[in-house]
S.K.: 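This is the structure I have questions about; it appears just below.
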Amino acid sequence: MALSGLLPGLSGCGPKSGKARSNIPKSSPELPGVKFTDITKSAGIDFTQSDGGCGKRYFIEQIAAGAALFDSNGNGFLDIYFPQPKPLGVCAAKNPPLQHHLYLNNGKGNFTLSPNAFGGIETAYGIAAAVGDYNNDGHPDIYVACYGRNTLFRNRGDGTFEDVTAKAGVGLGGFSSGAVWFDYDGDGFLDLFVTRYCEWSVEKNVDCLASNGMLDVCHPTTYQPATNALFHNNGDGTFTNVAKSAGMAGETRRSLAVAAADFDGDGRLDLMVANDLGANTFYHNLGNGKFEEVAIQQNVAFGATGLPQANMGIAVGDYDDDGDLDMVVTTFADEPHTLYRNDGGYFTDISAASGIGAATRPYLAFGIGFLDTRNSGDLDLFCADGHISPYAYLKDSSKTYKERNQLLLNDGHGHFTDAPDSLPSDDFRVHRGAYFGDIDNDGRIDILVTAEDDRPTLLHNDCTAGNWLILKLTTALGCSTPIGTKCIATIAGKKKLRVVLGGGSYGGESDHRVHFGLGDAKVVEKLDIHWLSGKIQTLTQVQANQILKVAEA
């Protein structure tokens, strides 16, 4: 049953009339719109995702926290996992321990908190979640990146999880900010890359003050950058840290987000890492167990100024339908988000020409993602906005701590227009993560947004236009999260590329099912599935408006 049946009547994709703040641009009248409705409370999601703070303004609080959309119990509907930042230092004495949350989707418009999903196990200060079927048993597992001991939860297949961190050997300590599952060596088992932010600890915390004398967030350069980790999956439930032999050791960064995809079409998965106040990292997979860092050569290290930016999140998708994957990286306020167009393995910054630069410059964003909001076949862009300082207005009166999110609609020619009327007009929060998936299997992509020390927001897509196709893919070895698989659909004579993306956005994971908006088309004439094994599986005359399960043959 679609959630839209339980919501106030909204038809089509056009925005409803209503007042907007005078400083918010209106949607372009020439661009077909879409409407998202906040259904968080009515869907049963009612809690505050803490930042673990108590007024101390620990440095770590600013990046809390993420989430993940995935089917944990195999009932065909997306559940939601939220890590919880644990109270630290003096805050631990003032606040009770917090349980991380798994909300189960009953497919009828309601989510229910699962009280026994993790058997009462608490994680450390949970920040981000990466979802992947690392043991090929068909059940997606969760890796939680934390300050403190990271945690690997093996999915038992019934919506409950077992802590296997010690056995697996992936309990990396320190200040981890994110992770991604991806099979970098093509052996059929998912490996794990973990991002770390800096060498901060409670004991090293520095009290930084705003100009009004109040405690404020410190500048990132207050703390030394950290090293990331690469864990090779040994295929027996254990992992080995191979960062050194893979060519990744010794590099220190303030890494916040990572995405795994085949950016150059060579059949191997590369990594794009968004770094705060430092050059981004682009690891080109050499295919021999080693990576080459080529961010400068590929023109993705910096933004338009040629200087390091405060990069937080990553979107990956073929927004211009030229058959390769492009990227957008989110940035600090007064820095335009950067759109890197893939020109055959080399990237060109076209933020200004695409309209993204001007639209995003006023805002500070973490989470971001490409999605087809209108089932038109064109990839739009969603940004989760929120500042890091409650006192941002002291330096610039136009800046606020709580910000609105942004939906930028693609006109079909690669130009994006801000569409504020498409989103709830009253949702001003310190937003962090953004995750995308069809929560009610109605063929429309919905959005989950997290916020620092606030409730999350579940946005239902009420657009009724356009046909669609969703693919649920499984590898020949049984992996239910085939990261990197490319799907090329021929729709009304035109080709569209979609991939099973590893990571991306910020702090979590979106649905790994592949979504195609078909517009008026009722069939996909040809569907080519390029598995990471090298096999290409072709289907023809695939009917629209279905969730199609495909196993690698």
Side-chain angles (χ1 to χ4, degrees), residues 132-133 136 138 140 180-191 233 259-272 282-288 291 315-327 341-345 347 370-372 377 379 468-504 509-518 521 523-542 546-553:
D133 181 8
N136 292 346
V180 65
W181 294 100
F182 75 128
D183 179 9
Y184 75 85
D185 56 356
D187 66 356
F189 290 92
L190 294 178
D191 309 298
N233 189 334
D262 178 10
F263 289 100
D264 56 2
D266 64 0
R268 298 186 292 267
L269 297 183
D270 312 301
L271 291 176
M272 174 67 178
F282 187 90
Y283 286 116
H284 176 238
N285 191 337
L286 299 176
N288 57 1
F291 292 82
V316 176
D318 182 14
Y319 82 94
D320 54 359
D321 293 331
D322 65 351
D324 49 28
L325 296 173
D326 314 291
M327 296 183 287
R341 185 184 64 202
N342 191 337
D343 292 323
F347 294 83
F370 283 113
L371 71 159
D372 183 351
L379 291 180
W468 54 274
L469 176 68
I470 292 177
L471 304 175
K472 175 69 176 72
L473 307 177
T474 305
T475 71
L477 292 180
C479 181
S480 62
T481 56
I483 306 300
T485 302
K486 291 186 176 183
C487 300
I488 302 173
T490 303
I491 306 164
K494 297 181 180 179
K495 291 185 177 181
K496 299 283 183 179
L497 168 66
R498 300 292 183 264
V499 300
V500 182
L501 181 65
E509 202 88 45
S510 295
D511 184 12
H512 286 132
R513 295 179 298 182
V514 176
H515 171 265
F516 285 97
L518 308 183
V523 296
V524 172
E525 293 127 56
K526 183 182 179 185
L527 177 65
D528 292 317
I529 303 173
H530 295 246
W531 301 96
L532 204 61
S533 65
K535 295 179 182 178
I536 300 177
Q537 198 165 341
T538 301
L539 306 176
T540 59
Q541 297 301 307
V542 180
Q546 64 167 318
I547 298 175
L548 181 64
K549 295 181 180 180
V550 182
E552 182 180 8

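One-based numbering along the sequence shown. What you are looking at is a predicted structure, and each value in this text was computed from that prediction instead of being measured.
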S.K.: Quick check: does any side chain N or O of Asn285 sit under 3.5 Å from a backbone N or O of Arg268, one acting as donor and the other as acceptor?
M.R.: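 Not at all, since once roles are kept as given, no pair shorter than 3.5 Å links the two residues.
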S.K.: Find out whether Phe282 and Asp270 are in side-chain contact, i.e. whether some heavy atom of one side chain is under 4.5 Å from a heavy atom of the other.
M.R.: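 A side-chain contact under 4.5 Å exists here.
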S.K.: How many angstroms lie between atom CG of Asp183 and atom CG of Leu532, to the nearest 0.5 angstrom?
M.R.: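 Atom-to-atom, Asp183:CG and Leu532:CG are 5.5 Å apart.
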S.K.: Check for a donor-acceptor pair, side chain of Gln537 on one end and backbone N or O of Ile529 on the other, with a separation under 3.5 Å.
M.R.: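 Here the side-chain-to-backbone pair does not exist.
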S.K.: Contact between Leu379 and Leu371 at the side-chain level, heavy atoms closer than 4.5 Å - yes or no?
M.R.: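 A side-chain contact under 4.5 Å is absent here.
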S.K.: Is it true that a side-chain atom of Asp318 and a backbone atom of Leu325 form a donor plus acceptor pair closer than 3.5 Å?
M.R.: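 No; judged by distance alone, with no hydrogens or angles, the pair does not exist.
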S.K.: Looking at Tyr184 versus Phe291, is the centre-to-centre ring distance below 6.0 Å?
M.R.: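 Yes, close enough.
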S.K.: Does some side-chain heavy atom of Gln546 sit less than 4.5 Å from a side-chain heavy atom of Leu469?
M.R.: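 With C-beta onward as the side chain, the pair touches.
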S.K.: A side-chain contact here means heavy atoms from C-beta on lying under 4.5 Å apart; do Arg498 and His515 qualify?
M.R.: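 Side-chain contact under 4.5 Å: no.
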S.K.: Can you check whether Gly188's main-chain N or O pairs, donor with acceptor, with Asn136's side chain at less than 3.5 Å?
M.R.: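 Side chain of Asn136 to backbone of Gly188, a donor-acceptor pair under 3.5 Å: yes, one is there.
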S.K.: Between Arg513 and Ile547, is the side chain to side chain contact (heavy atoms under 4.5 Å, CB included) condition met? List the steps.
M.R.: CA-CA 9 Å; Arg513 295 179 298 182; Ile547 298 175; 3.8 Å; yes
S.K.: Between Lys496 (side chain only) and Gly377 (backbone N and O only), is there a donor and an acceptor less than 3.5 Å apart?
M.R.: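 Here the side-chain-to-backbone pair exists.
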S.K.: Would you list the pairs meeting salt bridge (Lys or Arg N to Asp or Glu O under 4.0 Å) in which at least one residue belongs to residues 470-483, sequence neighbours left out?
M.R.: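 Found none.
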S.K.: Go through the steps to decide whether Glu552 and Ser533 satisfy the test side-chain hydrogen bond (donor to acceptor under 3.5 Å, both in side chains), and finish with yes or no.
M.R.: CA-CA 9 Å; Glu552 182 180 8; Ser533 65; 2.5 Å; yes
S.K.: Mind checking the CG-CG spacing from Asp264 to Asn342? Nearest 0.5 Å is all I need.
M.R.: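 The CG atom of Asn342 is 8.5 Å from CG of Asp264, to the nearest 0.5 Å.
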S.K.: Taking all atoms of both residues into account, what is the closest heavy-atom pair of Gly503 and Val180, and its distance?
M.R.: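 Nearest heavy atoms, Gly503 then Val180: N-CG2, 3.5 Å.
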S.K.: So how far is it from Lys526 NZ to Lys495 NZ, rounded to the nearest 0.5 Å?
M.R.: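 Result: 6.0 Å between the selected atoms.
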S.K.: Within a strict 4.5 Å, meaning less than it, do heavy atoms of the His284 and Phe263 side chains meet?
M.R.: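 A side-chain contact under 4.5 Å is absent here.
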S.K.: So does Ser480 get a backbone contact from the side chain of Asp133, meaning a donor-acceptor N/O pair under 3.5 Å?
M.R.: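 Flag set: sc Asp133 to bb Ser480 pair under 3.5 Å.
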S.K.: Apply the test side chain to side chain contact (heavy atoms under 4.5 Å, CB included) to residues Phe516 and Val542: give CA-CA distance (whole Å), side-chain angles for both, the deciding distance (0.1 Å), then the verdict.
M.R.: CA-CA 12 Å; Phe516 285 97; Val542 180; over 6 Å; no
S.K.: Quick one, Phe347 with Met327, criterion side chain to side chain contact (heavy atoms under 4.5 Å, CB included). Give me CA distance, side-chain angles, the key distance, then yes/no.
M.R.: CA-CA 9 Å; Phe347 294 83; Met327 296 183 287; 3.8 Å; yes
S.K.: Under the side-chain contact (heavy atoms from CB on, under 4.5 Å) test against Asp191, which residue among Ile483, Asn233, Leu269 passes?
M.R.: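 Between Asp191 and the candidates, side-chain contact (heavy atoms from CB on, under 4.5 Å) is satisfied uniquely by Asn233.
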S.K.: Considering all heavy atoms of both residues, which atom of Leu501 and which atom of Ala259 are nearest to each other, and what is their separation?
M.R.: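 Residues Leu501 and Ala259, closest heavy atoms: CD1-CB, 4.3 Å.
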S.K.: Report the distance from atom CG of Leu548 to atom CG of Leu539, rounding to the nearest 0.5 Å.
M.R.: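 The CG atom of Leu548 sits 6.5 Å away from the CG atom of Leu539.
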S.K.: Compile the donor-acceptor pairs under 3.5 Å between side chains in residues 484-493 and protein atoms, sequence neighbours left out, one pair per line.
M.R.:
residue: Thr485; atom: OG1; partner: Pro482; partner atom: O; Å: 2.8
residue: Lys486; atom: NZ; partner: Asp262; partner atom: O; Å: 3.4

S.K.: Would you say Leu271 and Phe182 make side-chain contact, with heavy atoms under 4.5 Å?
M.R.: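 When only atoms from C-beta onward are counted, Phe182 and Leu271 do touch, with a gap below 4.5 Å.
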S.K.: Shortest non-hydrogen contact from Leu190 to Cys479?
M.R.: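 Smallest interatomic distance, heavy atoms only, reads CD1-SG, 4.0 Å.
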S.K.: Looking at every non-hydrogen atom in both residues, tell me the closest pair between Asp326 and Phe370 and how far apart they are.
M.R.: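 What the structure gives for the nearest pair is O-CE1, 4.3 Å.
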S.K.: Indicate yes or no: at least one non-hydrogen side-chain atom of Val500 is less than 4.5 angstrom from one of Thr481.
M.R.: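 No, too far: nothing below the 4.5 Å cut-off.
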S.K.: Is Val550 close to Thr474 at the side-chain level, that is, under 4.5 Å between some pair of heavy atoms?
M.R.: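 They are not in side-chain contact.
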S.K.: Once salt bridge (Lys or Arg N to Asp or Glu O under 4.0 Å) is applied, do any residues pair with Asp372, and if so which ones, sequence neighbours excluded?
M.R.: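 Asp372 satisfies salt bridge (Lys or Arg N to Asp or Glu O under 4.0 Å) with no other residue.
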